[in-house]
Amino acid sequence: MTEIIISSLLIVALAVLLLAVKVIFKKNGQFESMHIHDSKPMRDRGIHCVIEQDREQRQRRMAVEEKSKRNKKLQ
């Protein structure tokens, strides 16, 4: 039973070490950002994060509302 626990802990420790190789051994190493807006291939495809999409939709909606207000004033 203890052999299983020790071997499991060693496997987990090895996995963590391998995942953190870049951070540990590279000077000023850090994990790369996983956000959509930081990914060049996603930007090239025109894919934005939901926050940016929401901001764009709100700006469009406000622009449409302003146009409709102007049209009502002109009538």
Side-chain angles (χ1 to χ4, degrees):
M1 182 69 167
T2 57
E3 294 174 359
I4 294 173
I5 294 173
I6 292 172
S7 61
S8 299
L9 288 175
L10 286 174
I11 290 171
V12 170
L14 180 64
V16 169
L17 181 66
L18 290 174
L19 287 171
V21 165
K22 184 176 178 182
V23 175
I24 293 171
F25 295 112
K26 186 177 177 184
K27 186 176 181 179
N28 295 327
Q30 60 185 8
F31 288 110
E32 294 181 17
S33 175
M34 298 303 290
H35 294 279
I36 291 175
H37 66 271
D38 292 333
S39 173
K40 182 167 175 23
M42 295 295 242
R43 285 193 313 255
D44 291 343
R45 292 183 183 123
I47 299 172
H48 305 285
C49 71
V50 70
I51 294 171
E52 291 177 18
Q53 289 177 350
D54 183 53
R55 185 181 310 124
E56 290 172 3
Q57 290 298 321
R58 288 176 187 265
Q59 289 174 349
R60 286 183 191 151
R61 197 172 305 138
M62 288 174 57
V64 170
E65 289 174 1
E66 289 175 9
K67 286 181 183 178
S68 65
K69 286 180 185 177
R70 276 189 244 142
N71 288 340
K72 286 180 182 179
K73 287 180 182 178
L74 293 174
Q75 291 175 354

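This is a predicted model, so every value here is computed, not measured. Basis for what follows: all heavy atoms, side chains included, without hydrogens, waters or symmetry-related copies.
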Expected list for residues 7-17: side-chain donor-acceptor pairs under 3.5 angstrom, two or more places apart:
{"unit_1": "S7", "atom_1": "OG", "unit_2": "E3", "atom_2": "O", "d": "3.0"}
{"unit_1": "S7", "atom_1": "OG", "unit_2": "I4", "atom_2": "O", "d": "2.9"}
{"unit_1": "S8", "atom_1": "OG", "unit_2": "I4", "atom_2": "O", "d": "2.7"}

In chain order, what residues pass the salt bridge (Lys or Arg N to Asp or Glu O under 4.0 Å) check against D38, with sequence neighbours excluded?
none
Remaining members of hydrophobic cluster (4.5 Å side-chain criterion), I51
V50
Residues passing the side-chain hydrogen bond (donor to acceptor under 3.5 Å, both in side chains) test with E56, sequence neighbours excluded, are none
Connected to I36, directly or through other members, by ILVMFWY side-chain contacts below 4.5 Å are M42, I47
